[in-house]
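Just the heavy atoms: all of them, side chains too, but no hydrogens, waters or symmetry mates, feed the values below. Values in this document were obtained by computation on a predicted structure and should not be read as measured data.
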Amino acid sequence: MDYVFIVMGLIGLFLGGEALVRGSVNVARRLSISPLIIGLTVVGFGTSTPELLVSVQAALQGAPDIAVGNVIGSCVANLLLILGVTSLVTPIRIVGATLRRDTAVMVAAGLVLVPLFAIGEIGRWAGGVLVAGLAFYLIWAVLTPGDHRPEEDGQSDPQMPVLTALLWIGFGFAALLFGAQFLVEGSVAIARDFGVSEAFIGLTIVAVGTSLPELATSLVAAFRRQTAIAIGNVVGSNIFNILGILGVTAIVRPIPVAPRFLTFDLPVLIVASLVVTGLILRQPQIGRVTGGLLLIGYVVYVIAAR
């Protein structure tokens with residue numbers, strides 16, 4: 001049954017990714033909202049819902065390594081695995097100055113975790129500060145959308161009514177949520193049968209499993225030539241993972257942080273964030289060669305994480 005869960009999960013993730021992108025693009029067109037802003041907010045935060053549920057559940061069940069590892073591992077997977085695979089499908093075009101601002105927020109969010117991890121626990125007060133930071137970022141992003149223009153996806157899909165597009169988005173969220181749940185349950189059960197540690201499960205199996213909505217959504221967006229949604233999804237998800245998921249989880253229950261997260265996994269996340277930010281600042285697009293290097297970097301991280 002564990003393998004059946006994995007197959008069901010993959011089907012749900014890709015169906016959900018297609019529905020979410022289709023609905024989000026139509027909302028952006030109907031309301032004249034930048035696809036990047038849609039990717040950073042609605043899509044980016046929506047596809048992070050599985051990480052939120054998994055981390056809160058893990059904290060409540062006394063498995064803090066899975067809760068923290070899920071967030072850090074998902075962020076690393078977003079930057080190296082998802083951007084790498086997506087750019088192999090089609091080069092990701094960098095658009096506008098707002099994306100540079102958002103990657104700077106992503107880097108700053110990672111740096112904020114350094115003193116919290118050094119303390120050895122993310123308490124409720126720290127969780128409240130993280131959530132407040134997320135709220136400030138959301139207000140900032142909505143009030144200063146930047147100079148982005150909607151991308152042409154080269155397809156002749158007729159525009160949907162806003163209500164229909166919202167129904168597509170809702171279906172996409174639901175399919176992503178159930179797909180991720182099936183995939184994580186099956187993967188974790190199989191991993192534990194092989195005697196893998198909880199920290200490694202959280203950083204890899206659970207992190208990749210809960211990041212598959214982002215992967216599915218970014219791949220679908222890439223196939224539909226909506227690269228602004230693809231990269232906005234990754235950056236928005238990382239901001240929500242760090243500020244929203246760790247913040248909410250810590251408010252529900254303070255999270256002890258194992259030393260390995262401070263000495264190894266968090267530095268990898270910060271370096272990966274800086275690398276991607278550097279690519280966005282210096283290059284007009286993330287091409288296939290760069291995507292391949294990001295993917296190799298993720299494989300090296302997974303091997304070293306053991």
Side-chain angles (χ1 to χ4, degrees), residues 20-21 24-25 27-28 31-49 51-52 71-72 74-84 86-87 91-113 129-151 211 213-215 217-218 221-222 226-247 266 269-286 290-291 294:
L20 187 60
V21 170
S24 298
V25 169
V27 168
L31 302 181
S32 298
I33 299 173
S34 162
L36 178 59
I37 296 299
I38 292 290
L40 285 165
T41 55
V42 178
V43 179
F45 297 171
T47 54
S48 290
T49 303
E51 283 98 326
L52 175 61
V71 170
I72 301 301
S74 292
C75 289
V76 174
N78 285 345
L79 293 169
L80 300 181
L81 173 64
I82 294 175
L83 279 184
T86 303
S87 59
I92 300 175
R93 188 159 57 90
I94 307 301
V95 290
T98 306
L99 181 58
R100 295 171 175 83
R101 176 205 65 192
D102 297 314
T103 53
V105 172
M106 177 181 67
V107 172
L111 292 173
V112 166
L113 294 182
V129 170
L130 293 176
V131 172
L134 176 63
F136 175 78
Y137 164 73
L138 281 175
I139 295 171
W140 187 18
V142 171
L143 294 181
T144 58
D147 56 355
H148 305 297
R149 297 291 182 269
E151 293 180 279
S211 289
E214 286 92 333
L215 176 59
T217 302
S218 291
Q226 290 289 337
T227 56
I229 284 184
I231 193 167
N233 170 41
V234 167
V235 175
S237 292
N238 275 22
I239 294 172
F240 184 72
N241 286 347
I242 296 171
L243 299 179
I245 294 177
L246 279 181
L266 182 57
L269 171 59
I270 292 173
V271 169
S273 299
L274 290 171
V275 168
V276 170
T277 300
L279 293 174
I280 289 172
L281 289 174
R282 301 185 58 173
Q283 298 186 15
Q285 66 179 19
I286 300 176
T290 303
L294 293 175

Please report the C-alpha distance between L269 and L79 in whole Å, then the side-chain angles of each, then the deciding distance to 0.1 Å, and finally whether the side chain to side chain contact (heavy atoms under 4.5 Å, CB included) criterion is met. CA-CA 8 Å; L269 171 59; L79 293 169; 4.0 Å; yes
Which pair of non-hydrogen atoms, one from [X] and one from [Y], has the smallest distance, and what is that distance?
X    : Y    : answer
N241 : S74  : ND2-CB, 3.9 Å
G244 : L134 : CA-CD2, 3.6 Å
Q285 : R93  : CB-CA, 4.0 Å
G291 : S87  : CA-OG, 2.9 Å
I242 : M106 : CD1-O, 4.4 Å

Would you check if the side chain of S218 reaches a backbone N or O of L215 as a donor-acceptor pair within less than 3.5 Å? no
Quick one: does T290's side chain have a donor or acceptor within less than 3.5 Å of a partner on I286's backbone?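 Between the backbone of I286 and the side chain of T290 there is no qualifying donor-acceptor contact (under 3.5 Å).
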I231 and I280: CA distance, side-chain angles, deciding distance, side chain to side chain contact (heavy atoms under 4.5 Å, CB included) verdict: CA-CA 10 Å; I231 193 167; I280 289 172; 3.8 Å; yes
Flag side-chain contact, heavy atom, 4.5 Å: V235 against I239: yes
Counting C-beta onward and ignoring hydrogens, is there a side-chain heavy-atom pair between L113 and I72 closer than 4.5 Å?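 Contact flag for L113/I72 side chains = yes.
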Quick check for you: to the nearest 0.5 Å, what is the distance between [X] atom [atom1] and [Y] atom [atom2]?
X    : Y    : atom1 : atom2 : value
T86  : I92  : OG1   : CD1   : 5.0 Å
N238 : N78  : CG    : CG    : 4.5 Å
I270 : T277 : CD1   : OG1   : 11.5 Å
I82  : L294 : CD1   : CG    : 12.0 Å
D102 : W140 : CG    : CH2   : 7.5 Å

Set of residues satisfying side-chain contact (heavy atoms from CB on, under 4.5 Å) with respect to V129, sequence neighbours excluded: W125
